[in-house]
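Notes for the one structure printed next.
We count ligands from 1, going down the list as the structure has it; atoms in each ligand are counted the same way.
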Amino acid sequence: MTKTVQYQNELHKFLIWDTAGQERFRALAPMYYRGSAAAIIVYDITKEETFSTLKNWVKELRQHGPPDIVVAIAGNKCDLIDVREVMERDAKDYADSIHAIFVETSAKNAININELFIEISRRIPSTDANAPSGGKGFKLRRQPSEPRRSCC
Ligand SMILES: Nc1nc2c(ncn2[C@@H]2O[C@H](COP(=O)(O)OP(=O)(O)OP(=O)(O)O)[C@@H](O)[C@H]2O)c(=O)[nH]1
């Protein structure tokens with residue numbers, strides 16, 4: 001799937017791969033994250049075990065992923081705070097410790113999804129940074145592949 005976000009005066013188009021999070025599909029993951037500019041690792045705030053699994057995916061990415069890959073952690077289902085099992089503070093502290101983007105999202109209610117992609121846009125260095133400026137705006141068409149789900 002694709003998602004286009006406006007970042008400053010540029011349009012950033014993301015190509016997104018939703019990988020299977022289950023352990024039995026682990027061997028397939030490198031096909032997705034190889035050559036990717038960013039990875040969003042998603043856990044479910046209502047299931048503690050998905051947060052533990054997430055840490056294994058972070059290790060996997062660190063060991064075998066592109067060295068400059070932007071890592072984002074998304075605590076999904078933030079519309080279900082009544083049954084929360086993972087504290088936002090704990091997840092944020094962990095994300096900070098690995099220099100990852102962190103946000104709580106609700107795919108159901110479209111909370112923080114756009115914000116997440118804008119933050120990723122901000123962190124991905126522009127490939128056109130050294131291009132001579134003609135004084136005109138340009139449309140950046142970066143095409144990072146991005147495993148949307150790698151954990152829960
Ligand atoms: N309340 C709530 N439910 C959600 C949210 N996001 C997904 N769900 C529900 O959670 C269930 C699992 O969603 P999936 O998108 O299949 O989850 P997944 O992690 O991609 O599953 P796999 O691809 O099998 O690993 C579905 O019933 C969704 O409707 C959310 O933000 N809030």
Return yes if some donor-acceptor pair links the side-chain N/O of N76 with the main-chain N/O of Y43 below 3.5 Å, else return no. no
Under 4.0 Å from a heavy atom of L80: give me the atoms of ligand 1 that qualify, with their elements. 1 (N)
State whether the shortest distance between N or O atoms of K108 and N or O atoms of ligand 1 falls below 3.5 angstrom. yes
Heavy-atom nearest option to atom 6 (N) of ligand 1, drawn from N76, D18, V83, T105: N76
Using a strict 4.0 Å cut-off to heavy atoms of S106, name the atoms of ligand 1 that fall inside it. 31 (O)
Ring-face cation contact, F117 with K3, 6.0 Å cut, 45° max: yes
Using a 4.0 Å heavy-atom cut-off, which part of N109 comes near ligand 1: side chain, backbone, both, or neither? neither
Is a side-chain N or O of R123 found less than 3.5 angstrom from the main chain of A38, in a donor-acceptor match? no
Quick check: does any side chain N or O of Q6 sit under 3.5 Å from a backbone N or O of Q8, one acting as donor and the other as acceptor? yes
Short question: side chain of T50, backbone of D44 - any donor-acceptor pair under 3.5 Å? yes
Any salt bridge linking E48 with R84? Criterion: basic side-chain nitrogen under 4.0 Å from a carboxylate oxygen. no
For D79, atoms of ligand 1 separated by under 4.0 Å from a heavy atom: 1 (N), 2 (C), 30 (C), 31 (O), 32 (N)
Using a 4.0 Å cutoff against the non-hydrogen atoms of A107, which atoms of ligand 1 qualify? 6 (N), 30 (C), 31 (O)
